[in-house]
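Worksheet: one structure, shown below.
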Amino acid sequence: MDMDKLVSLCKRRGFLFQSSEIYGGFNGFWDYGPLGVELKRNVKEAWWHDMVSGHDELSQLPGAPSTFDMAGLDCTIIMHPQVWKCSGHYDLFHDFMVDCKESKKRYRFDQLYVVRLEVTPKFSTNPEISKRAEFGEYWTTLAATPDEQKADVYKRAGGKLSIRSKNVDEAFKISDVKKLPDLLKQGVTLADVIGPDVNGAGSLTEPREFNLMFKTIVGALGGDDDAAFLRPETAQGIFVNFKNVIDSSRVKVPVGIAQIGKSFRNEITPRNFTFRSREFEQMEIEFFCKPESSQAWYTYWRNRRYQWYLDLGLPRERLQLREHHAEELSHYSTGTADIEYAFPFLPAGEFGELEGVAHRGDFDLRSHMEGKLNPETRPLQVELGPDGKPKHRGSGKDLSYYDDQAKERFIPHVIEPSAGADRATLAFLCEAYHEDTAPDENGKPQERVVLKLHPRLAPIKAAVLPLVKKDGMPEAAQKIYRALKKQFNAFYDDGGAVGRRYRRQDEIGTPYCITVDGQTLTDGTVTVRDRDSLKQWRIKADDCPAEITKLVKGE
RNA sequence: GCGGGUGUAGCUCAAUGGUAGAGCGGCUGCCUUCCAAGCAGCAUGCGAGGGUUCGAUUCCCUUCACCCGCUCCA
């Protein structure tokens with residue numbers, strides 16, 4: 001599928017616009033037009049219904065370890081700054097980056113690795129180096145990636161120090177691989193470090209801070225002390241409200257708390273249409289359960305969330321459930337899976353994340369109780385500052401849960417299915433886009449653009465069309481239109497040839513067209529046309545609202 | 001953030017140092033009894049700012065946005 005054609009259709013038909021377009025646009029921000037907002041609302045409403053409002057807590061759902069409760073939440077975008085300190089975002093989102101003045105590349109400070117090389121200079125063909133033979137040794141530092149093999153490091157270093165490859169084993173002694181920040185703590189300065197892609201030392205800049213969270217000011221006279229942040233995820237609002245929800249709503253663990261809302265991340269490189277945006281919407285569940293059953297719940301949510309996308313029309317071939325490898329996992333997580341879709345803008349064989357389902361253990365609740373935990377520790381311990389006190393103080397509130405039946409108290413473990421509403425919407429759009437052929441009035445096949453959206457997601461469920469604009473057909477059609485509008489979003493169109501109107505509806509994904517013709521006026525029936533098959537059949541005009549509702553719901 | 005490319009109507013594109021045109025789409029009317037192209041008419045644009053010039057959509061600079069590659073992606 002040609003992405004440009006979809007982007008063009010989205011613009012042309014009012015699904016998506018660039019933000020602030022009349023001012024030239026704004027990188028990483030997108031607006032939903034009249035049809036786009038309907039589509040995205042339908043995605044969110046399908047999610048909310050299927051996960052929250054339509055949840056049956058009385059039955060044990062297929063694959064679920066037990067019955068469970070679900071509750072909703074809608075919390076603020078701006079929260080107490082301490083939330084982000086304890087969640088770990090404050091530390092993580094203030095990434096330090098190092099630029100290389102020579103190669104013009106940028107590296108994450110904490111992801112640059114170095115090895116210290118001990119060199120016997122006489123093997124160098126570079127006189128500058130080899131003349132140091134009297135010193136016996138030449139020390140240098142070389143930036144390297146962690147997975148780089150010793151032989152590769154030797155090869156690169158050999159090239160930089162003019163040492164013949166056959167001599168490298170003799171010429172070098174290599175020290176352990178270290179992270180650059182650790183090395184600098186030992187007193188080595190950046191001036192002695194050779195960048196990964198250049199020959200001379202000293203091309204790396206001092207580490208500079210990048211703010212990946214959007215900062216704002218609370219209070220009209222706000223200074224530095226009044227800094228707050230736009231949330232980079234909705235999840236933390238759920239954690240900090242966990243006790244409120246439990247205490248106020250009679251739900252019991254196992255329970256999922258769900259939230260849909262905007263989040264903000266200062267992405268370094270927004271790209272690929274709405275796929276990576278700086279302002280985006282999440283659909284998140286934090287599912288709280290007993291530690292013993294958490295693994296079973298993790299499996300349950302992973303499978304259920306995958307199935308949800310399948311049910312709404314993403315095909316198995318283009319949707320994968322990818323379990324993270326051990327080294328990708330956070331230290332405290334015992335499992336994370338991404339639900340990924342083969343977006344057409346990605347290279348063949350590559351998938352982009354729609355949703356992450358993560359086993360987060362008790363990291364979040366405990367961090368908000370005790371203070372930010374150090375994710376590197378096991379068992380998890382509070383991260384301490386230089387003064388030996390917690391680096392970021394927690395709330396001090398008890399967020400544990402008392403199980404009345406089992407008479408036991410525990411800190412729930414959390415399974416987090418975190419979905420991107422914009423990414424899901426984009427995936428559904430990409431999947432829906434089809435070009436096929438449909439016969440014209442002479443029976444000749446003509447090209448047709450059709451969005452084969454799932455009827456639940458389609459912005460408009462049905463269009464009502466008088467076959468011609470006379471003989472009372474518009475009046476009959478308008479009556480049906482008004483009846484449909486009470487049930488769902490319908491569209492009335494009496495302009496031009498009916499074939500043209502059908503095609504217009506095809507292009508915006510309307511699954512059904514109802515056409516009023518001469519027969520309607522005599523026997524009260526209309527035709528229903530199916531978007532994908534082009535098949536038509538007659539039903540009674542009065543039955544339209546019920547019939548179309550049935551079709552849309554797939555009953 | 002770096003390198004390369006692009007920016008003209010709603011969309012796809014054309015032309016030009018002398019104030020822009022087509023196709024499709026849109027709107028109005030006519031025609032039309034089931035799958036976009038019949039007739040008539042109408043509307044809409046040089047991404048933004050600055051410079052050179054008598055005059056800039058065209059040349060130069062800056063900026064913004066988009067695309068490709070690199071980098072990044074908790």
Side-chain angles (χ1 to χ4, degrees), chain A residues 3-5 7-14 17-30 33 84 87-95 97-111 196-197 205 208 210 212-213 232-233 235 263 265-273 275-276 278 328 330 336 345 347 352-353 356 358 375 418 437-450 465-471 473 494-507 513-521 526-531 534-536 538:
Chain A
M3 199 61 199
D4 289 346
K5 288 184 177 173
V7 174
S8 165
L9 186 152
C10 285
K11 170 87 191 292
R12 187 156 36 94
R13 292 303 195 191
F17 309 122
Q18 217 182 345
S19 168
S20 318
E21 196 187 74
I22 62 169
Y23 287 106
F26 201 29
N27 195 359
F29 298 92
W30 297 89
W84 307 111
S87 71
H89 290 88
Y90 183 84
D91 293 340
L92 265 171
F93 271 47
H94 287 64
D95 277 353
M97 308 289 279
V98 173
D99 287 319
C100 178
K101 284 177 268 191
E102 296 226 352
S103 71
K104 304 292 182 198
K105 293 195 174 184
R106 166 172 296 166
Y107 314 95
R108 252 178 69 178
F109 180 50
D110 61 358
Q111 284 186 358
D197 303 286
T205 63
R208 289 182 292 190
F210 281 70
L212 266 39
M213 277 199 292
E233 62 171 36
S263 291
R265 296 178 193 181
N266 225 339
E267 297 286 356
I268 296 171
T269 315
R271 213 168 264 196
N272 289 329
F273 206 20
F275 183 76
R276 177 167 293 133
R278 289 180 163 142
E328 279 182 277
S330 308
T336 296
F345 48 77
E353 180 182 344
S418 169
T437 55
D440 65 9
E441 54 186 343
N442 304 315
K444 223 174 88 188
Q446 297 288 349
E447 256 190 39
R448 177 177 83 132
V449 173
V450 53
L465 317 169
L467 189 58
V468 290
K469 203 166 29 169
K470 60 180 185 186
D471 301 338
M473 289 183 211
D494 63 9
V498 73
R500 173 186 298 256
R501 286 176 272 161
Y502 285 146
R503 297 297 170 85
R504 269 202 286 250
Q505 295 304 316
D506 290 340
E507 205 178 34
C513 288
I514 293 164
T515 305
V516 169
D517 57 16
Q519 196 179 328
T520 309
L521 308 171
V526 295
T527 63
V528 179
R529 167 193 182 265
D530 179 78
R531 175 195 67 200
L534 304 182
K535 285 195 180 121
Q536 286 185 281
R538 298 197 78 89

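Below, chain A is the first sequence line, B the second, and so on; all start at residue 1. Quantities reported herein were computed from a predicted structural model and do not represent experimental measurements.
- Rounded to whole Å, the separation between the P atoms of B:rA9 and B:rC2 comes to 28 Å.
- Summarising the geometry, the separation between CD on A:Glu21 and C1' on B:rG7 is reported as 12 Å, rounded to the nearest angstrom.
- Nearest heavy-atom pair, A:Gly518 versus A:Met473, reported as atom, atom and distance to 0.1 Å: N-CE, 3.7 Å.
- In this model, the phosphate group of B:rU32 is not approached by any side-chain N or O of A:Lys469 to a distance below 4.0 Å at OP1 or OP2.
- Comparing B:rC35, B:rU33, B:rG26 by their closest approach to the side chain of A:Arg504 singles out B:rG26.
- Side-chain atoms of A:Arg529 lie closest to B:rC35 of the nucleotides B:rC35, B:rC11, B:rU33.
- Residue A:Phe26 qualifies as open at atom CZ: its count of foreign heavy atoms under 6.0 Å is 12 or below.
- For B:rC11, the base has no donor-acceptor partner in the side chain of A:Ser8 [N/O atoms by modelled type, under 3.5 angstrom].
- Out of B:rA65, B:rC2, B:rA36, the shortest distance to the side chain of A:Arg271 is found at B:rC2.
- Scored by the salt bridge (Lys or Arg N to Asp or Glu O under 4.0 Å) test, A:Arg278 finds no partners at all (sequence neighbours excluded).
- Atom-to-atom, CD of A:Glu447 to C1' of B:rC11 comes out at 15 Å; the value is rounded to the nearest Å.
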Writing each nucleotide of RNA chain B 5' to 3' as (, ), [, ], | or . by Watson-Crick or G-U pairing under 3.5 Å yields (((((((..((((....[..)))).(((((.......)))))....(((((..]....))))))))))))....
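- B:rU44 and B:rG1 have their P atoms separated by 38 Å, with the value rounded to a whole Å.
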Begin with the C-alpha distance, continue with both residues' side-chain angles, and end with the deciding distance and a verdict on ring pair (Phe, Tyr, Trp, His ring centres under 6.0 Å) for A:Phe275 and A:Phe345. CA-CA 10 Å; A:Phe275 183 76; A:Phe345 48 77; 5.7 Å; yes
List the steps and the verdict of side-chain contact (heavy atoms from CB on, under 4.5 Å) for A:Gln519 and A:Arg538. CA-CA 10 Å; A:Gln519 196 179 328; A:Arg538 298 197 78 89; 3.3 Å; yes
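- Of the side-chain N and O atoms in A:Lys11, none sit less than 4.0 angstrom from OP1 or OP2 of B:rG10.
- Residue A:Arg500 contributes atom CZ, which lies 13 Å from atom C1' of B:rC39 at whole-angstrom precision.
- Below the 3.5 angstrom threshold, one finds no donor paired with an acceptor across the side chain of A:Arg448 and the base of B:rC35.
- Nearest nucleotide to the side chain of A:Asn272, out of B:rC35, B:rC68, B:rU33: B:rC68.
- Residues meeting the side chain to side chain contact (heavy atoms under 4.5 Å, CB included) test with A:Phe17, sequence neighbours left out: A:Lys11, A:Asp31, A:Pro34.
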